[in-house]
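Below is one structure, written out as structure tokens; comments come after it.
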Amino acid sequence: HLTKDLVILISTATPHVPRMYLEVSDSGSVVAMVTLVPRFELSATKNELIFIIDRSGSMGGSKIESARQAMQLFLRSLPTDCYFNIVGFGSSFAMLFPASQPYTQQSLTTATAHVEAMQADLGGTEMLHPLASALGLPAIAGHARQVFVLTDGEVSNTREVIAAVSRYPGSRVFGLGLGHGASHELVEGIARAGKGTAVFVTETATLQRMVIQQLKDSMQPALTDVTIEWDLSGAPAPQSPNPNPDQSANPNPSDPAADANPAPVTVSLHAHPLTPGPCPYASGAWICDRCNGQGTGTVYHCQPCGYDLCAACVAWAGSQHNVAPVSNNVVGSLLGFFAKKPTAVPYKQAPSEVPPIFSRSRFTIYCMLEPGTALPARATVSGMTPAGRLQVTIEAAADRVQSVLLHRMAARALIADLETGPLKQSDPATVKEIERLSLKYNLASSQTSFVAVQIGRGPLPVAVPRMVCADGLEQMSEAISRCKQLGRLIGEELDDQSGIGILQNLSTQRATIYRGERKARKAAPMARVAASLRAMTSSAAS
């Protein structure tokens, strides 16, 4: 049985060369992928670092030992001018210090002893309250807040946790997943919402390297206000042989101008107006999200990205946020003036919001084009730093790949946007688009799952790695209820304890599934029936 992730490490001859690949599918659609590993050194900022450590029961054994090792590395690598704190959580949570403390020999000694004594003894995994409490602490003047989350598993309210992180744009959040069972959706989701990075530690990964890299990422400001310009001046993409493509490249067929090759389009992370207003903080003081300086009085707030800016940074924001000043010049007549319609973007970008860029961390972004659209000839990636704007232009590779691999990767990134974006899954159109992309590119998502179906006669041994209910139910009580219902299908009554045992051992059992019916051998004792149910749960529920 495959009980752990299969990790394949591939080394390339030139690993850090910027590349832009074009992939053409059989239907004629095109995906462009830009990938690079930037390198830049910026002046380090003063930081407050808060470490949130999962101490639930599932962290027992090697996982809590990995957490202790990671924390010892963090503690011995902190800069002397920082503040720090440690939060342990499970069913409840507790902070080492009532408030973050300066990094001194005394505080280091206290923290080291605390880490050495850490155990996985705090019950369940309740992450929302400790994370929100840490992010909501009063800011320390002149210090940017960096939050590190060390966890091994999943939570039942992943989307609520990710949404909570996005409500604190002044803090950055970094995720460190421990072990093979760490939830990628959770760890990568909080890092994406918190404009940080996510890494996963397994037996094959180097803990020290990952810890030091994440700490370096937090010490230096990332490139923000990142933009990417797709220069669509290449040859047209091949026409689709499908007479009914999913979406027309021309959103308005009656407008001949829409068929012309469009000018390069710039997508900006912060193309929003600035709204001045009174200071919303009770103390009357706040920290500017750009310069980390303390401000008072008027705060300039950027919607919807949530940046709070001081008066000194307003001019910078006006240029970097693409805010055009209001002109007093006469631009037309009151009797016949029509503003130009914005140019329709003839592609889908994933992620739609360009993420921040960290030195020595891989940056990847996708562009999906329909058949007949002009191909990208090059892409220009740029971002703002305290020292000024940095950028690079990457030419498209001459050879086009004939495959669907990049299409699937781009679709996965689009689905992640839809599942964690502002519309999330409360909008029927969003749900429908997630389902469409998942079915078209054969991907598992919040709306789709893979189900094994036997064709033919005879028994088929099936190894089920985990229980996935068809409707996505995650609550333990509902899962136990389903196990008990399955027991009734074969004439056995299960109590709650038996249901819990089935769930706990689900990944290590095998079952025999017969065509046309789901049943265990009549003569099997209860132990064998429960073992069969453990593996049959997923298929039978589906």
- CA sep, side-chain torsions, deciding dist, call: Arg362, Thr364, side chain to side chain contact (heavy atoms under 4.5 Å, CB included): CA-CA 7 Å; Arg362 183 164 296 279; Thr364 303; 3.7 Å; yes
Result for ring pair (Phe, Tyr, Trp, His ring centres under 6.0 Å) between Phe84 and one of Phe74, Phe51, Phe148, Phe97 points to Phe97
query: Are Met118 and Val115 close enough, and set up right, to give a side chain to side chain contact (heavy atoms under 4.5 Å, CB included), and what steps lead you there?
result: CA-CA 5 Å; Met118 281 194 319; Val115 168; 4.1 Å; yes
Report task. Please work out which of the three classes, parallel, tilted or perpendicular, describes the rings of Tyr83 and His143, given edges at 30° and 60°. Result -> perpendicular
dist Asp152:CG -> Ser183:OG (nearest 0.5 Å) comes out at 10.5 Å
### Query
Do Asp81 and Lys46 sit within salt-bridge range, that is, some charged N less than 4.0 Å from a carboxylate O?
no
### Task
Tell me, with the steps shown, if Val201 and Met210 meet side chain to side chain contact (heavy atoms under 4.5 Å, CB included).
CA-CA 8 Å; Val201 176; Met210 291 188 171; 4.0 Å; yes
key: Heavy-atom check, side chain of Val31 versus side chain of Cys367, under 4.5 Å   = no
The side chain to side chain contact (heavy atoms under 4.5 Å, CB included) partner of Pro130 among Leu135, Val87, Val149 is Val87
Q) Would you say Tyr103 has more than 12 foreign heavy atoms packed within less than 6.0 Å of its OH? A) yes
On a heavy-atom basis, the closest approach of Ile53 and Ala67 is CG2-CB, 4.2 Å
- Query: Just by distance, do the side chain of Ser107 and the backbone of Pro102 share a donor-acceptor pair under 3.5 Å?
  - Reply: yes
Nearest heavy-atom approach of Pro38 to Phe40 is CB-CE2, 4.0 Å
- Task: Count the heavy atoms belonging to other residues, nucleotides or ligands that lie under 6.0 Å from CZ of Arg408, then report whether that count exceeds 12.
- Result: yes
To the nearest 0.5 Å, atom OG of Ser438 lies from atom CG of Leu414 at 10.5 Å
CD (Gln101) and CD1 (Ile86) are apart, to the nearest 0.5 Å, by 11.5 Å
Close side-chain approach of Leu128 and Glu126, heavy atoms under 4.5 Å: yes
Residues Ser66 and Leu178: closest non-hydrogen pair is CB-CD2, 4.3 Å
Next on the checklist: Strictly distance-based, threshold 3.5 Å: is any side-chain N or O of Thr448 a donor or acceptor partner for the main-chain N or O of Glu435?
Outcome noted: no
### Message
Within the structure provided, determine whether Gln213 and Arg360 are in side-chain contact (heavy-atom separation under 4.5 Å).
### Response
yes
field: Exam field: side chain Arg192 to backbone Thr197, donor-acceptor pair closer than 3.5 Å
entry: no
- Query: Would you say the ring centroid of His129 lies under 6.0 angstrom from that of Phe93?
  - Reply: no
| Would you say the side-chain atoms of Arg55 pair up with the backbone N or O of Ala120, donor to acceptor, closer than 3.5 Å? | no
Tightest non-hydrogen contact, residues Pro356 and Val226, listed as CA-CG2, 4.1 Å
Do Arg19 and Leu36 touch side chain to side chain, with heavy atoms closer than 4.5 Å?
no
So CD of Gln447 and CG of Leu418: to nearest 0.5 Å the spacing works out to 10.5 Å
* **Thr158 side-chain N/O to Val155 backbone N/O, donor-acceptor pair under 3.5 Å** => yes
dist Leu215:CG -> Leu78:CG (nearest 0.5 Å) comes out at 6.0 Å
Next on the checklist: Looking at Ile357, is its backbone amide N or carbonyl O close enough to the side chain of Ser361 to form a donor-acceptor pair, meaning the two atoms are under 3.5 Å apart?
Outcome noted: no
Is any side-chain heavy atom of Leu137 closer than 4.5 Å to a side-chain heavy atom of Ile50? yes
Would you say Ser166's side chain and Ala163's backbone share a donor-acceptor pair under 3.5 angstrom? yes
Interatomic distance, CG@Asn47 vs OG@Ser171, rounded to 0.5 Å, equals 10.5 Å
- Message: Is there a side-chain contact between Ile434 and Ser446 in this structure, where contact means two heavy atoms from C-beta onward sitting under 4.5 Å apart?
- Response: yes
Working note: Ser218 + Gln214, criterion side-chain hydrogen bond (donor to acceptor under 3.5 Å, both in side chains); need CA distance, chi angles, decisive distance, verdict. CA-CA 6 Å; Ser218 69; Gln214 278 211 319; over 6 Å; no
Shortest non-hydrogen pair, Ile162 vs Ala193, comes out as O-CB, 3.7 Å
Original post:
With a 4.5 Å limit on heavy-atom distance, are the side chains of Lys195 and Pro355 in contact?
Top reply: no
message = Whether Glu41 and Lys216 form a salt bridge (side-chain N of Lys/Arg under 4.0 Å from carboxylate O of Asp/Glu) is what I want to check.
response = no
Notebook entry, point to check: Is there a side-chain contact between Met33 and Glu23 (heavy atoms, below 4.5 Å)?
Noted result: no
- Task: Applying side chain to side chain contact (heavy atoms under 4.5 Å, CB included), run through Ile190 and Val161 and close with a yes or a no.
- Result: CA-CA 7 Å; Ile190 60 177; Val161 172; 3.8 Å; yes
Smallest heavy-atom separation, Leu443 atom then Ala411 atom, equals CD1-CB, 3.8 Å
- Query: Quick one: does Asp54's side chain have a donor or acceptor within less than 3.5 Å of a partner on Ser56's backbone?
  - Reply: yes
Review point. Is the backbone of Gly124 close enough, under 3.5 Å, to the side chain of Ser91 for a donor and an acceptor to pair up by distance?
Key: yes
Item to complete: Would you check, one step at a time, whether the test salt bridge (Lys or Arg N to Asp or Glu O under 4.0 Å) holds for Glu65 with Arg68?
Response: CA-CA 5 Å; Glu65 178 60 28; Arg68 284 194 289 260; 2.8 Å; yes
Check your understanding: Quick one: does Asp417's side chain have a donor or acceptor within less than 3.5 Å of a partner on Ser352's backbone?
Key -> yes
